[in-house]
Amino acid sequence: MSPQIRMMSFSIGVLIVFCLIQWFASSSPKVVSKATAQYQNEIRKRDAQLEEQQKRLQDVENMLRSMGLQPGKLNATTQAGTHSAGVALPPPAPPPVEMSPGEATANENMGTNNQGIQQKQSQEEAKPQIRSGPLRYNRELSTGFGDRLSVYLNVAAAAATVGADVYTYWFESAPSLHHAKLSLAEIESFVTWPKNLHVLSKGQFDIETANYQDIQFNVDGVEKSFWGLDSVYTTAWKTFKLPDGLPPLTSLKYEAAFRKVASEFQLKSVNTDVLPKNKYAVLHVRGTDKPAPFEEFCTCEVLRGMAGMFPLVVITDDEDRLTAILNNVTEAQLKIVRLPPQEGKYEGMMQDFAALLSASVIVQHSAHAWSSFSSVAAMIRERPLLNTWRPPRDQGRSFFLGTLAGFDRKGAVPGELSSGNRPEAVLEFLGRARARANNPDEPRSDWQVAVKPVEPEGPVVEDQVRFLMVLGPEGSSHSFVSAMFHNSTTKKLLESMEEGLDLHVQLQRSLYNFWGKAGLWDWPCKVDHRAPEEVFEAVVRSLGKMKRKAMLALARKRRRSAGAAAQAPMQIVIPLNSADEPSAGMGSYPNFNGPCRSLQYPDVDAAMLACQAAGVNCSLLVLLRDVQEVIHSTAVRRGFQEKHSQVKLMVNMLSVIHTQLESHLGHPHWCWEYGEPDTAPLADALGLTRPEVAAMFASSFKRSVFDARKRQQLYDGLHQAEFAALRHAALRVRRLCGLPGESFAMP
């Protein structure tokens with residue numbers, strides 16, 4: 001065969017082969033397309049099976065949660081394929097694809113990769129949404145209230161990102177004088193924690209949370225919980241590590257959770273009437289534990305810029321420093337509001353914190369650009385706060401100083417907090433303050449939203465707890481009122497209260513304590529040198545504590561009642577005197593003998609101020625009796641003083657009673673004349689039912705007849721002029737009470 005023919009034959013062969021290849025390539029997509037459709041049908045079937053599996057997993061998870069178990073652990077197990085209810089289905093085998101051996105070889109690796117990708121995607125879709133069981137935060141926080149609250153809210157936010165409750169414990173013993181011991185029971189009488197936060201005693205925490213997983217801190221992979229990084233929502237999420245298997249914390253999700261838990265934090269049982277009725281600013285001056293020269297602050301500059309915007313409520317732990325600040329801004333004519341002294345450490349602290357929560361803006365005078373007490377309040381309520389620390393060495397150089405600079409380095413400074421180090425920051429804060437002051441839609445304080453004055457448990461009934469002062473001359477039968485109290489339902493309720501009777505004794509002794517430290521009513525007669533403010537604060541503290549305990553007792557009584565009785569108003573009236581406490585006496589006019597006898601009587605004005613400071617309702621009961629019987633009982637029968645002195649003293653005591661009653665007619669008051677059959681005023685004053693009092697009166701009262709013999713004993717040696725003054729003094733009190741005047745004449 002010639003070379004030409006061989007070449008032609010070869011060319012024809014190549015052409016035939018090429019045509020065969022093209023024909024096969026054009027027909028193979030149909031085969032592959034058919035195989036792919038079969039594979040996709042298998043995938044859809046598997047997806048349906050996975051969806052059914054996910055439903056079964058959710059049912060099991062719900063069942064375990066109802067049993068108090070942790071579904072998070074089950075999820076980890078089922079995903080590993082070890083639980084029969086959730087065995088992971090194997091990916092469907094791809095159907096055989098009709099292709100040439102060459103194509104099969106070329107696509108072998110690609111098919112394997114697609115299978116792995118598809119399997120991974122399906123497994124991700126099969127995972128149920130991760131929610132955690134209860135968590136715990138096992139950390140000793142030996143700090144002040146503001147520090148603890150800021151950390152607790154952030155821990156609650158971390159748990160809330162995975163729908164979990166978190167348990168922590170309250171550290172009771174303080175290692176330093178500054179962080180004084182804080183009682184969990186006292187704190188919780190004012191605080192309502194967020195719904196997912198449970199603060200326990202250490203012993204209870206150790207028992208209840210032994211099997212809970214921990215929110216970890218100060219471990220590898222997270223920021224250290226130092227310098228307040230766990231106190232603000234912009235950096236706290238970097239200091240917590242959730243248990244393995246839970247999603248990591250992220251900034252946006254964490255801040256949303258913080259806003260939720262912060263909105264659930266509330267105060268209760270705080271007197272709201274002491275706050276301004278309109279919008280106001282707060283100046284928080286912290287100084288005793290954070291001393292810094294006065295010149296290192298721009299507080300006065302800021303306050304001058306706020307002149308005319310708001311009333312300025314001031315709270316401080318350093319009165320000298322506050323006075324120095326206010327003395328330097330007198331020309332600004334600021335309207336300064338000082339809150340009244342409250343009952344002890346906890347009541348004062350919560351009143352101050354309530355003021356911060358309800359403020360429109362906050363000026364914080366505190367070294368190192370931080371005080372958690374006011375900073376956490378600003379973050380809870382999303383209120384602008386300006387720290388005024390501006391040391392000369394850093395003045396104007398940095399946007400943030402001190403603790404705020406640490407937040408800035410590690411993440412960000414919360415939007416509510418700003419530093420007065422740079423003039424433009426001060427101007428920006430003043431602009432925000434002015435906008436709030438001038439905005440008619442900006443509410444007064446958000447008190448009704450932020451800090452609800454909720455009484456503990458049960459429906460709120462106005463005047464549930466009332467205190468009663470008995471005003472009456474010595475010999476007006478205070479002992480009869482005392483007997484009524486000791487046989488009443490009020491006494492039984494006090495007995496049912498935790499420490500109820502002991503608290504009542506302490507309350508009476510805080511007013512008058514014949515054998516102990518001076519009380520409010522006998523302080524001028526004592527030489528133990530107690531400061532008047534210390535004596536006054538003891539009364540305020542006792543009143544507030546007594547009220548809280550009585551409220552709890554009423555709530556328990558209401559729960560035990562049924563039907564209409566459970567919804568009916570319930571009231572308890574607690575006597576401040578005439579309750580027969582030996583050291584306090586009857587609180588009569590005068591009370592006890594002794595060289596200071598003429599000054600030993602109830603001071604109604606001081607007591608009413610204490611009632612106002614404690615946020616309690618106080619009322620008056622005036623006891624009257626025929627003055628002839630009074631003098632005969634005290635001077636003749638019992639010989640307290642000789643008759644001339646006793647008559648003169650009674651004139652003075654009745655004049656005091658008249659003045660006190662006249663000054664406080666705006667308060668609830670009743671008058672009852674001893675022996676008067678109509679006991680309705682006495683029943684109403686004591687908060688008892690009228691039938692109850694009428695029955696006790698009928699069974700116990702025995703009138704002593706003031707006969708001719710007693711009259712002769714009384715008037716023997718007295719001059720008509722002496723008794724005329726006594727009669728006139730008694731008539732003034734009776735007229736103020738709306739009672740008819742006495743009509744008697746000397747023999």
Side-chain angles (χ1 to χ4, degrees), residues 461-497 500-501 504 550 553-554 557-558 560-581 586-589 617-630 633 657 661 665 667-706 730 733-742:
V461 181
E462 190 174 0
D463 296 328
Q464 284 184 308
V465 178
R466 175 165 55 84
F467 294 87
L468 180 69
M469 283 178 277
V470 180
L471 286 59
E474 187 179 53
S476 298
S477 201
H478 294 75
S479 58
F480 180 76
V481 174
S482 177
M484 301 280 283
F485 163 72
H486 282 286
N487 291 284
S488 69
T489 53
T490 298
K491 176 68 178 296
K492 292 182 177 63
L493 190 63
L494 287 179
E495 291 174 341
S496 72
M497 292 164 48
L501 294 180
H504 192 213
L554 286 173
K557 182 179 179 181
R558 184 175 290 108
R560 290 194 297 266
S561 303
Q567 303 300 324
M570 294 184 180
Q571 186 181 68
I572 179 173
V573 178
I574 302 172
L576 298 180
N577 59 331
S578 298
D580 202 22
E581 159 53 26
M586 289 292 180
S588 56
Y589 291 66
N617 294 324
C618 288
S619 56
L620 306 173
L621 169 64
V622 180
L623 288 180
L624 296 168
R625 188 181 182 184
D626 186 328
V627 291
Q628 299 172 108
E629 296 183 10
V630 168
S633 172
I657 292 172
L661 178 59
L665 289 174
H667 290 88
H669 63 279
W670 295 264
C671 299
W672 182 69
E673 186 168 14
Y674 177 68
E676 174 61 44
D678 181 10
T679 57
L682 183 61
D684 295 345
L686 293 172
L688 306 175
T689 66
R690 293 183 178 184
E692 177 185 12
V693 173
M696 285 192 287
F697 177 82
S699 63
S700 61
F701 177 74
K702 295 180 180 179
R703 176 175 288 280
S704 176
V705 179
F706 192 69
V733 176
R734 294 178 67 85
R735 287 168 182 161
L736 203 57
C737 285
L739 298 176
E742 290 181 317

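By convention here, the first residue in the shown sequence is residue 1.
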Any salt bridge (Lys or Arg N to Asp or Glu O under 4.0 Å) involving residues 474-488? Give me the pairs, sequence neighbours left out, ordered by first then second residue. Glu474-Arg597
Minimal non-hydrogen separation, Leu468 against Ala685, with atom names: CD2-O, 3.7 Å
Starting at CG of Leu621, measure out to SG of Cys671 and round the result to the nearest 0.5 Å. 7.5 Å
side-chain contact (heavy atoms from CB on, under 4.5 Å) involving Ala680 - partner list, sequence neighbours excluded: Asp678, Arg690
Are Val470 and His478 packed together at the side-chain level, in the sense that at least one heavy-atom pair is separated by less than 4.5 angstrom? yes
Go through the steps to decide whether Arg625 and Ser476 satisfy the test side chain to side chain donor-acceptor pair (under 3.5 Å), and finish with yes or no. CA-CA 6 Å; Arg625 188 181 182 184; Ser476 298; over 6 Å; no
Any side-chain heavy-atom pair from His667 and Ser619 closer than 4.5 angstrom? no
Apply side-chain contact (heavy atoms from CB on, under 4.5 Å) to the pair Leu501 and Leu494, showing each step before the final yes or no. CA-CA 6 Å; Leu501 294 180; Leu494 287 179; 4.0 Å; yes
Pairwise salt bridge (Lys or Arg N to Asp or Glu O under 4.0 Å) hits with a residue in residues 478-490, at least two apart: none
Contacts of type ring-ring contact (aromatic ring centres under 6.0 Å, His included), residue His486, not counting sequence neighbours: none
Residues forming a side-chain contact (heavy atoms from CB on, under 4.5 Å) with Thr679, sequence neighbours excluded: Trp672, Val693, Ala694, Phe697
Step-by-step side-chain contact (heavy atoms from CB on, under 4.5 Å) determination, Phe467 to Ile572: CA-CA 8 Å; Phe467 294 87; Ile572 179 173; over 6 Å; no
Is any side-chain heavy atom of Leu739 less than 4.5 Å from a side-chain heavy atom of Leu624? yes
State, yes or no, whether a side-chain contact exists between Ile574 and Val465 at a heavy-atom distance under 4.5 Å. yes
Rounded at 0.5 Å granularity, tell me how far CG in Leu736 sits from CD1 in Ile657. 11.5 Å
Interatomic spacing from CG in Leu576 to SG in Cys618 - rounded to 0.5 Å: 5.5 Å
Could you note down all residue pairs passing salt bridge (Lys or Arg N to Asp or Glu O under 4.0 Å) where residues 476-494 supplies at least one of them, sequence neighbours left out? none
Is there a side-chain contact between Leu554 and Leu493 in this structure, where contact means two heavy atoms from C-beta onward sitting under 4.5 Å apart? yes
Can any side-chain N or O of Ser488 pair as donor or acceptor with the backbone N or O of Thr490 at less than 3.5 Å? yes
At what distance, to the nearest 0.5 angstrom, does CE of Met484 lie from CE of Met696? 4.0 Å
Non-neighbouring partners of Pro575 that pass side-chain contact (heavy atoms from CB on, under 4.5 Å), sequence neighbours left out: Phe485, His504, Ala579
Once you round to the nearest 0.5 Å, how far does CE of Met586 lie from CG of Asn577? 9.5 Å
Kindly compute the distance separating CG (Leu471) from CG (Leu623), expressed to the nearest 0.5 Å. 8.5 Å
Answer whether the closest heavy-atom distance between the side chains of Pro668 and Leu620 falls below 4.5 Å. no
Output all residues satisfying side-chain contact (heavy atoms from CB on, under 4.5 Å) with Arg735, sequence neighbours left out; order by chain, then residue number. Leu731
Under the side-chain hydrogen bond (donor to acceptor under 3.5 Å, both in side chains) test, residues paired with Glu581 that sit two or more places apart: Arg509
